[in-house]
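Take a look at the structure set out below.
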Protein chains: 2
Amino acid sequence: MVKKKDQGAEERILSAARKVFTTKGMAGARMQDIADEAGINKALLHYYFRDKEKLFENIFIVEAQRFFPKINMIFQSDAPLFEKIENFVNEYIDEMQENPYLPWFVMNEINRDPDQFMYKVWGKNNLPKPAKFLEQIEKEIKNGTIKRFNPVHLLMNLLSMTIFPFVARPMMTRNLHLSDLQFRKIMEERRKEIPKFIIDSIRK
Amino acid sequence: MVKKKDQGAEERILSAARKVFTTKGMAGARMQDIADEAGINKALLHYYFRDKEKLFENIFIVEAQRFFPKINMIFQSDAPLFEKIENFVNEYIDEMQENPYLPWFVMNEINRDPDQFMYKVWGKNNLPKPAKFLEQIEKEIKNGTIKRFNPVHLLMNLLSMTIFPFVARPMMTRNLHLSDLQFRKIMEERRKEIPKFIIDSIRK
DNA sequence: ATATAGTTTAACCAAATGGTTAACAAAAAT
DNA sequence: ATTTTTGTTAACCATTTGGTTAAACTATAT
């Protein structure tokens, strides 16, 4: 129970819920835990957020709806390939540094019910379309600026190297003995390291 | 409810539990769901596996205890750097192809309670030690065979590219419109693609 | 045939958990 | 000063859920 009188109850609830939902998952999270963590009575949760589902959506769905379309726009922009890679990495790391719980939550929800999650975040039509990015890679291969390979691997590698360290953060920090600050610093380094790593690899 | 009379009850329970635990997580999994999925009565679960915890451990902890030390040995072996990278990728993909639930489960458990999970899998002493691998990278940098960079990034990149596609499988298959077979095939490609991608990038 | 051990089920129980209620306190409006 | 609205709590309720029990069914040995 962490009392922080300076913040209002609503804010404290949100921050507590974020913490509990993130570590325990939607199913594992207990309303009582969230109340304790926020230093308030359980009934007050229902006063501010009608029920567990609403509280959950208020935290994550809203943020996911804001964030994902941004990423999608990067992939669909007309920027050159190498620049696009840089933009993606930067935008993603920006978000993860401020919102470290998001990636884990997203993975969790996608895994639980892919269709429902996709629908909630993207709506019926506005689905993520990696096609343009893949075509762009193929074009660069034909132009002879990069090596020949299945474009899907490049996309997977880009996503993996950017997202995974945040998803696997507890494992990373534990096994590499990293403090929060050190982890943060390394992720900052990756803004340049990942594009460099990729471009060094594929450039002819 | 999927009845498969050919298998014995115990086997059906294990396979059902694997499926339910994987998609719902330990907390989200319902004993009733598992029973339904296995096409048997709930009480029979407790007949074969005393309780939920035991059932859970019987599936995953046992497999994790078998798998992780194997990976650890690769990192600590005396093989040359590039060969070690190949070995890791191959061993990991071997495992994931046969055991697609494992990576998600592991991430989930680590996230829930890092210390307890680490203890259960590795015991008190035998912790994973990436130090040797990192030192090996530094040595190669000094030898001038590979470029200069923070070795942690190479380790992160290797882990990310190998593990993430399996962790994020539902997202990958959905957004890239991949069938199970296609996914499997792409993962097979990655046995060669990942080491190639890395070596192309870091070799001087 | 009958006893025995192993397997499976329906019905039940206790604890945990999400959610409600009614009363109380503090702040704002009158 | 008094009423009204907003914020907060303890006690309670209904449902879900993990787990138990006792009975029934099946196969195998005697």
Side-chain angles (χ1 to χ4, degrees), chain A residues 1-62 105 108-109 111-113 116 120, chain B residues 1-62 105 108-109 111-113 116 120:
Chain A
M1 186 170 111
V2 186
K3 275 231 177 187
K4 290 173 192 168
K5 273 279 174 187
D6 36 285
Q7 297 174 70
E10 186 164 355
E11 239 181 297
R12 291 218 312 282
I13 290 173
L14 280 171
S15 126
R18 204 168 287 158
K19 185 173 173 182
V20 176
F21 277 135
T22 305
T23 49
K24 308 280 183 79
M26 165 67 168
R30 299 286 148 243
M31 294 298 267
Q32 189 60 59
D33 292 347
I34 297 173
D36 290 350
E37 180 72 31
I40 49 126
N41 188 286
K42 187 162 68 86
L44 205 58
L45 291 182
H46 295 92
Y47 177 72
Y48 282 102
F49 306 90
R50 198 174 310 284
D51 56 30
K52 197 182 179 185
E53 189 68 31
K54 291 275 191 313
L55 178 55
F56 187 70
E57 297 201 354
N58 236 287
I59 294 173
F60 294 111
I61 301 286
V62 169
F105 150 75
N108 227 316
E109 289 308 291
N111 202 270
R112 208 176 48 156
D113 188 343
Q116 195 185 324
K120 273 185 176 168
Chain B
M1 183 171 109
V2 186
K3 276 233 178 188
K4 290 172 191 168
K5 274 280 174 184
D6 36 285
Q7 295 175 72
E10 187 164 355
E11 239 181 296
R12 292 219 312 281
I13 291 174
L14 280 171
S15 129
R18 204 169 287 159
K19 185 172 173 183
V20 175
F21 277 135
T22 306
T23 50
K24 307 279 180 78
M26 165 67 168
R30 301 286 146 240
M31 294 298 267
Q32 189 60 59
D33 293 346
I34 297 173
D36 290 348
E37 179 73 31
I40 49 124
N41 187 285
K42 187 162 68 83
L44 204 58
L45 290 183
H46 295 93
Y47 176 73
Y48 282 102
F49 306 91
R50 198 173 311 285
D51 57 30
K52 197 181 179 185
E53 189 68 31
K54 291 277 192 310
L55 178 55
F56 187 70
E57 298 200 355
N58 236 286
I59 294 172
F60 293 112
I61 301 284
V62 170
F105 150 77
N108 228 317
E109 288 309 292
N111 201 270
R112 210 177 46 159
D113 188 341
Q116 196 186 322
K120 272 186 178 169

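A note on names: the letters A, B, ... follow the listed sequences, proteins ahead of strands, and every chain is numbered from 1. All heavy atoms count here, side chains included; hydrogens, waters and symmetry mates do not.
- Residues A:Tyr48 and A:Lys42 each lie close to DNA chain D; by heavy-atom proximity, the contact nearer the 5' end of the strand is made by A:Tyr48.
- In summary, the aromatic rings of A:Phe21 and A:Phe105 are positioned with their centroids too far apart to meet the 6.0 Å limit.
- With B:Arg30 contributing its side chain and B:Ala27 its backbone, the two residues share a donor-acceptor pair below 3.5 Å.
- Between B:Ile40 atom CD1 and D:dC25 atom C1' there is a gap of 16 Å when expressed in whole angstrom units.
- The side chain of A:Ala9 lies closest to D:dT8, out of C:dG18, D:dT8, C:dT9.
- Per the geometry, CE belonging to B:Met31 stands 5 Å off P belonging to D:dG19, to the nearest Å.
- Here C:dA15 presents its P atom at 18 Å from CD of A:Gln32, a figure rounded to the nearest Å.
- Residues from residues 51-62 of chain B with heavy atoms under 4.0 angstrom of DNA chain C: there are none.
- Which of C:dT20, D:dG19, C:dT9 sits closest to the side chain of A:His46 comes down to C:dT20.
- No engagement by B:Ala27 is indicated, since no non-hydrogen atom pair under 4.0 Å with the nucleic acid exists.
- Proximity of B:Arg30 to the phosphate of D:dG18: a side-chain N or O atom is located under 4.0 Å from OP1 or OP2.
- Taking CD1 of A:Ile34 as the start and CZ of A:Arg12 as the end, the distance is 14.0 Å to the nearest 0.5 Å.
- In this structure, CZ of A:Arg50 is placed 12 Å from P of C:dT21, rounded to the nearest angstrom.
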Should B:Leu14 and B:Phe49 be marked as a side-chain contact (heavy atoms from CB on, under 4.5 Å) after you check the CA-CA gap, both sets of side-chain angles, and the distance that decides it?
CA-CA 10 Å; B:Leu14 280 171; B:Phe49 306 91; 3.8 Å; yes
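- In terms of phosphate contacts, A:Tyr47 brings a side-chain nitrogen or oxygen within less than 4.0 Å of OP1 or OP2 of D:dG7.
- Taking atom CG on A:Leu44 and atom P on C:dA22, their separation rounds to 18 Å, with Å as the unit.
- One interatomic measurement links the two molecules: CD of B:Glu11 to P of C:dT7, which rounds to 14 Å at whole-angstrom precision.
- If you check C:dG18, D:dA10, D:dT8 against the side chain of A:Asn41, the one that comes closest is D:dA10.
- Toward the 5′ end of DNA chain C lies the nearest nucleotide of A:Met26, the other residue of the pair A:Met26 and A:Ala43 mapping further downstream.
- Ionic pairing of A:Lys120 and A:Glu57 is present here: one or more N-O contacts between side-chain nitrogen and carboxylate oxygen are shorter than 4.0 angstrom.
- A salt bridge does not link A:Glu37 to A:Lys24: none of the charged nitrogens lies less than 4.0 Å from a carboxylate oxygen.
- Atom-to-atom distance recorded for B:Leu55:CG and B:Met26:CE is 8.5 Å, nearest 0.5 angstrom.
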